[in-house]
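Only one structure is covered here, and it is reproduced in the block below.
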Amino acid sequence: GYSLLGVREGTHAVLESLVAPAASPLPSPPALEPGSLLRTVVEEGYTEPTPVQERAIPLILAGKDVLAAAQTGTGKTAAFALPLLQKLHEDQPNPRGSRAPRALVLVPTRELAAQVQQSIADLGAHLRQQSALIFGGVSPRPQIDQLRRGVDIVVATPGRLLDHANERNIDLRSVRYLILDEADRMLDMGFIRDIRRVLALLPPNRQNLLFSATFSEDIRGLANGLLRNPLTIEVAPRNAPTELVDHRVHLVSQGEKRAV
């Protein structure tokens, strides 16, 4: 069996893994070091990892490329956000001033971008790593201002990210971690060319994580060109709805739709 928390020995004790031996009791919040991921994990109410978290987090912490079949509602955002935040914190505990992003999360829609960025901000609430939200349909000026102040993680849709790159508002040459979230939706929405253009702007020496609800031939083709010796995680039957989301259908007449 497994419990959620483990602490790494060292000067900045942070989350080591979400799959520490079950004999380790959950520490109480007052005993946690301020500024740590461990403190956030307890405050957010995590008690045990979901299947994708249990399998993905140790691999990501170990620096492996990962291809994961995971749907919305499986805890996949925390599965990559927690180890990503830890690695960034260990590399540079106190980032300051103008700096290029070291991590890039690509997503298909502005709604998902906002959700992922908020999750990263919540999980990193006691760390100094900063994240930026980049998507189209809004004024680019606030995004430009935030990028110039310096960020560590960028969560973006491909089109607006390329706009900023073309205008030289963002420098992607320092990206060490790339996450493609809901990659199957990005391909369905026709983003493959934009994804390839983004990849061309990144340094070759980086860790790559690809999350998709399905493993279609197109996804495997993308993975083959992106991931290096990836470890595959598939925690649910292909195309099956997650058990962590309650699905309901309400039949209503045309006149009752607004009330619902």
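- Residues Leu187 and Leu227 fall within the same hydrophobic cluster, defined by Ile, Leu, Val, Met, Phe, Trp and Tyr side chains chained together at heavy-atom separations under 4.5 Å.
- In this structure, the separation between CZ on Arg55 and CG on Leu231 is 10.0 Å, given to the nearest 0.5 Å.
- One N or O on the side chain of Gln53 and one on the backbone of Gly75 form a donor-acceptor pair closer than 3.5 Å.
- Without hydrogens or angle criteria, Gln146 side chain to Ser131 main chain gives a donor-acceptor distance under 3.5 Å.
- Here Leu61 contributes atom CG and Glu90 contributes atom CD; the two are 7.5 Å apart, rounded to the nearest 0.5 Å.
- In this structure a side-chain-to-backbone donor-acceptor pair under 3.5 Å is missing from Glu182 to Val107.
- The closest side-chain heavy-atom distance from Val105 to Gln117 is not below 4.5 Å.
- A salt bridge links Asp145 and Arg141; the closest N-O separation between the charged side-chain nitrogens and carboxylate oxygens is under 4.0 Å.
- Between Ile134 and Val155, every side-chain heavy-atom pair lies at or beyond the 4.5 Å cut-off.
- In the hydrophobic clustering of ILVMFWY residues, with side-chain heavy atoms under 4.5 Å counting as a link, Ile120 and Leu82 come out together.
- Between Leu85 and Thr40, the closest side-chain pair of non-hydrogen atoms is not below 4.5 Å.
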Inset, instruction - Give the C-alpha distance, both sets of side-chain angles, the deciding distance and a yes or no for side-chain contact (heavy atoms from CB on, under 4.5 Å) between Glu54 and Val235. - result: CA-CA 10 Å; Glu54 186 173 47; Val235 296; over 6 Å; no
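- Closest non-hydrogen pair, Val151 versus Ala132, comes out as CG1-CB, 3.8 Å.
- The shortest non-hydrogen separation linking Val52 to Ala70 is CG2-CB, 3.9 Å.
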Under 3.5 Å donor-acceptor pairs involving side-chain atoms of residues 201-213, not counting sequence neighbours:
{"unit_1": "Arg206", "atom_1": "NE", "unit_2": "Asn208", "atom_2": "OD1", "d": "2.7"}
{"unit_1": "Arg206", "atom_1": "NH1", "unit_2": "Pro203", "atom_2": "O", "d": "2.8"}
{"unit_1": "Gln207", "atom_1": "NE2", "unit_2": "Ile60", "atom_2": "O", "d": "3.1"}
{"unit_1": "Gln207", "atom_1": "NE2", "unit_2": "Lys64", "atom_2": "O", "d": "2.8"}
{"unit_1": "Asn208", "atom_1": "ND2", "unit_2": "Asp65", "atom_2": "OD2", "d": "3.2"}
{"unit_1": "Asn208", "atom_1": "ND2", "unit_2": "Leu226", "atom_2": "O", "d": "3.3"}
{"unit_1": "Ser212", "atom_1": "OG", "unit_2": "Thr214", "atom_2": "N", "d": "3.3"}
{"unit_1": "Ser212", "atom_1": "OG", "unit_2": "Thr214", "atom_2": "O", "d": "2.6"}

Can you give each donor-acceptor pair under 3.5 Å made by side-chain atoms of residues 191-199, sequence neighbours left out, with the distance rounded to 0.1 Å?
none

Which pairs would a plain distance check flag for residues 167-177, meaning a side-chain donor or acceptor within less than 3.5 Å of a matching protein atom at least two apart in sequence or in another chain?
{"unit_1": "Asn169", "atom_1": "ND2", "unit_2": "His164", "atom_2": "ND1", "d": "3.2"}
{"unit_1": "Asp171", "atom_1": "OD1", "unit_2": "Arg173", "atom_2": "N", "d": "3.0"}
{"unit_1": "Asp171", "atom_1": "OD1", "unit_2": "Arg173", "atom_2": "NE", "d": "2.9"}
{"unit_1": "Asp171", "atom_1": "OD2", "unit_2": "Arg173", "atom_2": "NE", "d": "3.4"}
{"unit_1": "Asp171", "atom_1": "OD2", "unit_2": "Arg173", "atom_2": "NH2", "d": "3.0"}
{"unit_1": "Arg176", "atom_1": "NH1", "unit_2": "Asp91", "atom_2": "OD2", "d": "3.0"}
{"unit_1": "Tyr177", "atom_1": "OH", "unit_2": "Asp91", "atom_2": "OD2", "d": "3.1"}

Inset, instruction - Go through the steps to decide whether Arg99 and Gln130 satisfy the test side-chain contact (heavy atoms from CB on, under 4.5 Å), and finish with yes or no. - result: CA-CA 10 Å; Arg99 58 194 182 276; Gln130 298 295 315; 3.7 Å; yes
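- Closest approach of Glu44 and Leu123 over heavy atoms only: CG-CD2, 4.3 Å.
- Residues Leu180 and Leu222 are in side-chain contact: their nearest non-hydrogen atoms beyond the backbone lie under 4.5 Å apart.
- Here the closest heavy-atom approach between residue Ala103 and residue Leu84 is recorded as CB-CD1, 3.7 Å.
- Residues Phe135 and Ala113 share a closest heavy-atom pair of CD2-CB, 4.3 Å.
- We find the CG-NZ distance between Asp181 and Lys76 to be 3.0 Å, quoted to the nearest 0.5 Å.
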Inset, instruction - Show your reasoning for whether side-chain contact (heavy atoms from CB on, under 4.5 Å) applies to Leu88 and Gln92. - result: CA-CA 6 Å; Leu88 292 172; Gln92 194 173 356; over 6 Å; no
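- Nearest heavy atom pair, residue Gly136 against residue Thr157, reads N-OG1, 4.0 Å.
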Inset, instruction - Show the numbers, then the answer: is there a side-chain contact (heavy atoms from CB on, under 4.5 Å) between Val66 and Phe80? - result: CA-CA 10 Å; Val66 171; Phe80 65 76; over 6 Å; no
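- Following chains of ILVMFWY side-chain contacts shorter than 4.5 Å, one cannot reach Val138 starting from Leu147, and the two form parts of different hydrophobic clusters.
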